[in-house]
Amino acid sequence: MMTDIHQYLAELDDIPGTRVYTAARARKGYHLNQFCMSLMKPENRARWKADEAAYLADWPLTDDQRAAVLARDYNRLLDLGGNIYFLAKVFSTDGLSFVQAVSTMTGMSVADYQAMMLAGGRSPQGVRSIREGN
Amino acid sequence: MARITNGLATSHVPAIGVAMDLGKTDEPYWQPLFAGYDWTRQWLAQTKPDVIILVYNDHASAFDMKIIPTFAIGCGERFKPADEGWGPRPVPDVIGHPELAWHIAQSLILDEFDMTIINEMDVDHGLTVPLSACFGALPEWPAKVIPLAVNVVTYPPPTGNRCWALGEAIARAVASFPEDLNVQVWGTGGMSHQIQGPRAGLINREWDNRFLDGMVGDSDHLRRIPHIEYLRETGSEGIEMVMWLIMRGALGPATRALHRHYHVPASNTAVGHIILEPVT
């Protein structure tokens, strides 16, 4: 039986602390994610590191997206259509691991986040659904 | 005739590849994870698959936002390890099996699975980490590999039921290939992980282990798990587990487990690994 797309999408927005990479986000973040992808090339990484603002000027991003990239505000970038696998090109260029970069989105220090992971990770209890509060 | 002898599933966490490439596998953090692959390496050395159909997802390496294939099959002669932003992994090139890959691609299209055909692409950690974890560090991979890339990044990914049906169609395609080949299907990705947003770090050991339990036997209930359940219960990146169902679908009505391993954490992720054989 075909799933109703509106109901499907509404459920994706009902997960606490999570931005599912839907078509709406993919459209909003198209140039942002393609900018991130450009950092896969060593010569582009060198230009980016030399002058981030000048490099960004070549990309049709919104002012909010530019500011969030420069601030490395990853939660904001997710809201503005960024996808984590693309944003990873930015934090990898900064020399950060996934754990280091991901912890910045949780409000925890890297050490506290790593300790949580070693202790078995974050429990799903209470963070499954905004509506159900479970 | 070619035949599918076994299925294997494993997580494909990039940090596993980094730990191997930097010689850290004996460190206390990594040792318990790699211990779960010792059995696998011996078993693979004995069973000697000729070809592995390796189901994985690309992580913004070969595919960017320009083109997003839901199901894509690698029909090329060889695939190089991708530069994911810190240089390519120092692992061998992946050697394809164009004849079998094209046979599968043609058969799948006639069987109403409209595959994207890829002749050239680099393969990222999603494909090379399972090879490293399961074979170890080798000068060349001991089997040919047919990459089968699934979109699980941009929503919606394919449903679990569709993945299962694709696996069944792959099994039909392999069975009609005239050469005598020992073919394995590997499903990769998962288990619990979320690497974005304030909920990052979510791990659900109970759910993951129920999923591993479910891979054994008829597994029929697994094909009806909706996307939202993977996301709520196992984190936003837990959705990768739909790819395991392509492998499971390819094994037929019933399976038994030969080996199973579960470990938390590798970086942000719960690592699950299981080896299955069809029960006829």
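To find a chain, count down the sequence lines: A is the first, B the second, and so on, and within it residues start at 1. Below, each value reflects all heavy atoms present in this structure, side chains not excepted, and no hydrogens, waters or symmetry copies.
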One option among B/Asn161, B/Thr269, B/Leu202, B/Leu231 has the most heavy-atom pairs under 4.5 Å with chain A, and it is B/Leu202
Any side-chain donor-acceptor pair under 3.5 Å between B/Tyr56 and B/His125?
no
For A/Ile15, does its backbone N or O pair with a side-chain atom of A/Ser129 as donor and acceptor, under 3.5 Å? no
Turns out that what part of A/Met117 lies under 4.5 Å from chain B's heavy atoms comes down to both
Quiz prompt | Min side-chain heavy-atom separation B/Ile118-B/Phe63 under 4.5 Å | solution = yes
Scored by heavy-atom pairs under 4.5 Å with chain B, the best of A/Asn33, A/Leu39, A/Leu12 is A/Leu12
Okay, B/Pro226 and chain A: the region with an atom under 4.5 Å from a heavy atom over there is neither
Interface check, chain A: of B/Val264, B/Ile195, B/Thr234, most non-hydrogen pairs under 4.5 Å belong to B/Ile195
With chain A, the option among B/Gln194, B/Glu84, B/Met65 that has the most non-hydrogen atom pairs under 4.5 Å is B/Met65
Applying a strict 4.5 Å limit to non-hydrogen atoms, the region of A/Met116 in contact with chain B is side chain
Between B/His59 and B/Asp124, do the side chains contain a donor N or O and an acceptor N or O under 3.5 Å apart?
yes
Worksheet entry | Flag, side chain of B/Asn57 to backbone of B/Val152, donor-acceptor distance under 3.5 Å | no
Is B/Arg232 paired with A/Asp14 through a side-chain N to carboxylate O contact shorter than 4.0 Å? yes
| Can a donor-acceptor pair be found between the side chains of A/Tyr85 and B/Ser61 at a distance below 3.5 Å? | no
Okay, B/Glu237 and chain A: the region with an atom under 4.5 Å from a heavy atom over there is side chain
Looking only at A/Met40, A/Gln34, A/Arg45, the option with the highest number of non-hydrogen pairs under 4.5 Å against chain B is A/Gln34
The interface call for A/Ile84 against chain B, heavy-atom contacts under 4.5 Å, is side chain
Honestly, the part of A/Leu78 sitting under 4.5 Å from a heavy atom of chain B is side chain
The interface call for A/Glu11 against chain B, heavy-atom contacts under 4.5 Å, is both
Going by distance alone, is a donor N or O of one side chain under 3.5 Å from an acceptor N or O of the other, for B/Asp208 and B/Ser192? yes
Okay, side chain of A/Asp94, backbone of A/Leu96: is any donor-acceptor separation there less than 3.5 Å? no
When the 4.5 angstrom heavy-atom criterion is applied to A/Arg25 and chain B, the contacting part is neither
Bottom line for A/Thr18: the part with an atom under 4.5 Å from chain B's heavy atoms is both
Assess the side chains of A/Ser38 and A/Tyr55: does a donor N or O sit below 3.5 Å from an acceptor N or O? yes
Turns out that what part of A/Phe98 lies under 4.5 Å from chain B's heavy atoms comes down to both
